Amino acid sequence: MKQQVVAELSTAELKERLVEEQQHLTKLVLNHAISPIENPNKITEQRRTIARIHTELRKREINA
């Protein structure tokens with residue numbers, strides 16, 4: 001997910017999306033531990049997406 005897309009979402013949507021993304025990351029990591037996934041870069045991209053959402057939430061918290 002690009003930073004522009006993250007910035008366009010509302011705070012409630014971001015919090016909801018954060019939970020979904022964290023669950024997806026957990027599934028990816030568990031699946032990778034059992035049998036290697038085709039593209040392990042998906043895990044890295046998922047972590048970055050979560051970090052982008054955390055950053056946007058923190059930025060809004062500071063500005064409020």
Side-chain angles (χ1 to χ4, degrees):
M1 179 182 298
K2 300 281 185 175
Q3 185 62 32
Q4 285 180 326
V5 176
V6 171
E8 293 173 357
L9 296 174
S10 70
T11 304
E13 290 173 332
L14 281 175
K15 289 179 181 179
E16 181 180 315
R17 189 67 186 249
L18 179 62
V19 171
E20 292 172 8
E21 296 293 335
Q22 287 174 333
Q23 290 173 348
H24 188 251
L25 176 62
T26 303
K27 287 180 184 179
L28 276 176
V29 171
L30 289 175
N31 288 341
H32 185 64
I34 294 170
S35 65
I37 57 177
E38 288 182 26
N39 188 1
N41 290 332
K42 287 182 180 181
I43 295 172
T44 303
E45 187 58 37
Q46 197 69 31
R47 285 185 182 144
R48 288 181 180 167
T49 299
I50 291 170
R52 285 184 185 109
I53 294 172
H54 275 295
T55 301
E56 184 64 28
L57 287 171
R58 180 69 178 144
K59 185 169 77 170
R60 290 179 186 189
E61 182 181 313
I62 291 172
N63 290 335

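Count residues from 1 along the sequence. Everything numeric here is computed off the predicted structure, so don't read it as measured data.
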Sequence-distant partners of Glu61, salt bridge (Lys or Arg N to Asp or Glu O under 4.0 Å), two or more places apart:
Arg58
Main-chain N/O of Val6 paired to Arg52 side chain as donor or acceptor, under 3.5 Å
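Checking the backbone N and O of Val6 against the side chain of Arg52, no donor-acceptor pair under 3.5 Å is found.
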Distance-minimising heavy-atom pair for [X] and [Y]:
X     : Y     : answer
Gln46 : Leu25 : CG-CB, 3.6 Å
Ile53 : Leu14 : CG2-O, 3.7 Å
Lys42 : Leu28 : O-CD1, 4.0 Å

What distance do [X] atom [atom1] and [Y] atom [atom2] have between them, rounded to the nearest 0.5 Å?
X     : Y     : atom1 : atom2 : value
Lys2  : Glu8  : NZ    : CD    : 13.0 Å
Asn31 : Thr26 : CG    : OG1   : 10.5 Å
Gln4  : Leu9  : CD    : CG    : 12.0 Å
Thr11 : Glu16 : OG1   : CD    : 12.5 Å
Arg47 : Gln22 : CZ    : CD    : 12.5 Å
Met1  : Arg17 : CE    : CZ    : 3.0 Å

CD/Glu20: more than 12 non-hydrogen atoms of other groups inside 6.0 Å:
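More than 12 within 6.0 Å, yes.
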Arg60, CZ: over 12 other non-hydrogen atoms inside 6.0 angstrom
yes
Once side chain to side chain donor-acceptor pair (under 3.5 Å) is applied, do any residues pair with Ser35, and if so which ones, sequence neighbours excluded?
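Partners of Ser35 by the side chain to side chain donor-acceptor pair (under 3.5 Å) criterion come out as none, since no residue qualifies.
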